[in-house]
2 protein chains.
Amino acid sequence: MKSCSTGESSAEKLIKQRQDLPSEENLYATAEILKALADPTRLKILHLLKKGELCACEIIEVLDKPQPTVSHHLTLLKNAGFLKWRKEGVWIHYQLSHPDIMELVDQITNNIN
Amino acid sequence: MKSCSTGESSAEKLIKQRQDLPSEENLYATAEILKALADPTRLKILHLLKKGELCACEIIEVLDKPQPTVSHHLTLLKNAGFLKWRKEGVWIHYQLSHPDIMELVDQITNNIN
DNA sequence: AATCCATATATCCAAATATTTAAATATATG
DNA sequence: CATATATTTAAATATTTGGATATATGGATT
């Protein structure tokens, strides 16, 4: 049996293919950002914030989940860079740091379906 | 202590905020698509395929991972709708079903960083 | 052509690891 | 001191990895 037609990978081709990939570091970073998006609860939070700033307490109320659960998701979104926040006394107001991010997400899903 | 300023959620506002969210079903589906992207190995595969069709055997070789591992990732990408494939004898040639998908991913990470 | 063999890919399974959830507790603010 | 939020922690669940095995295909041999 011959090798596959696209294959026949010479050592040079193989090296080139590997070199053309983004760095391991870059790929992990990108995956982290996408992981932050890849959860229904966090997508909900981002959708809610499309209309503007919200207090954590309000997000908890709308989602109707325990406070530590919501806090955890907010922290992940914050760490991934999706959220800005503002402290006002005890309250923390969150907003999207990139208001158009959900449009990009929509574009991905529209492409796929 | 007064309630937070954005908060003060009347029952009506709360209901409206919940109604304006995409359906649970839609959110899970979107999360599934994003999960398929949110992995360094799968990002690598998608990057490799930007240059055109590749045989599974070649992907295994470039990634230098055990065959079942690569097969698993290919199946996830297939199921999420990112890959088309073509059987040629024993070989399976994979290609991107949406060749521009990685540009959208790049846009997300560029927005974030 | 029937059988056997080698190879490509997929599936099964279990272990390792990561993520999600939420109760308990800590911290911060007024 | 009461309340908003974060952190700690542990359990439940999901994902990733790769060995073992199954399946599929096609070449070789009889």
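Convention: sequence-line order gives letters A, B, ...; per-chain numbering from 1. Computed from a predicted structure; not experimentally measured.
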Expressed as a whole number of angstroms, how long is the span from A:Arg86:CZ to D:dA4:C1'?
15 Å
Using only side-chain N and O atoms of B:Tyr94, determine if any of them is under 4.0 Å from OP1 or OP2 of C:dA8.
no
Please check if the side chain of A:His98 supplies one atom and the backbone of B:Asn111 the other of a donor-acceptor pair under 3.5 Å.
yes
Sequence neighbours left out, what passes side-chain hydrogen bond (donor to acceptor under 3.5 Å, both in side chains) with B:Thr41? Give chain and number order.
B:Lys65
With the sugar-phosphate defined as primed atoms, P, OP1 and OP2, and the base as all remaining atoms, what B/S/- string results for nucleotides 7-19 of chain D, 5' to 3', for protein heavy atoms under 4.0 Å?
B-------SSBBB
Where at least one partner belongs to residues 22-37 of chain A, residue pairs that pass side-chain hydrogen bond (donor to acceptor under 3.5 Å, both in side chains), sequence neighbours excluded
A:Glu24-B:Lys44, A:Asn26-A:Thr30, A:Glu32-A:Lys35
Name the atoms and distances for all side-chain donor-acceptor pairs under 3.5 Å in residues 71-80 of chain A, with sequence neighbours left out.
from	atom 1	to	atom 2	distance (Å)
A:His73	ND1	A:Arg42	NH1	2.9
A:Thr75	OG1	A:Ser71	O	2.8
A:Asn79	ND2	A:Thr75	O	3.4

Distance in angstrom units between A:His93 NE2 and D:dA6 P, rounded:
12 Å
Salt bridge (Lys or Arg N to Asp or Glu O under 4.0 Å) filter on A:Lys16, not counting sequence neighbours, yields A:Asp20
In this structure, how many angstroms lie between the P atom of D:dT5 and the NZ atom of A:Lys87, rounded?
10 Å
D:dA24 P sits how many Å from B:Ile92 CD1, rounded?
12 Å
D:dG26 P sits how many Å from B:Glu88 CD, rounded?
10 Å
Would you mind reading off the distance between A:Glu61 atom CD and D:dA4 atom C1', rounded to a whole angstrom?
13 Å
Which listed nucleotide (C:dA28, C:dT9, D:dT25) is nearest to the side chain of A:Val90?
C:dA28
Complement of C:dA6, any strand, by Watson-Crick or G-U distances under 3.5 angstrom
D:dT25
Pairs in or reaching into residues 95-111 of chain A: which pass salt bridge (charged side-chain N to carboxylate O under 4.0 Å, His left out), with residues at least two apart or in two chains?
none
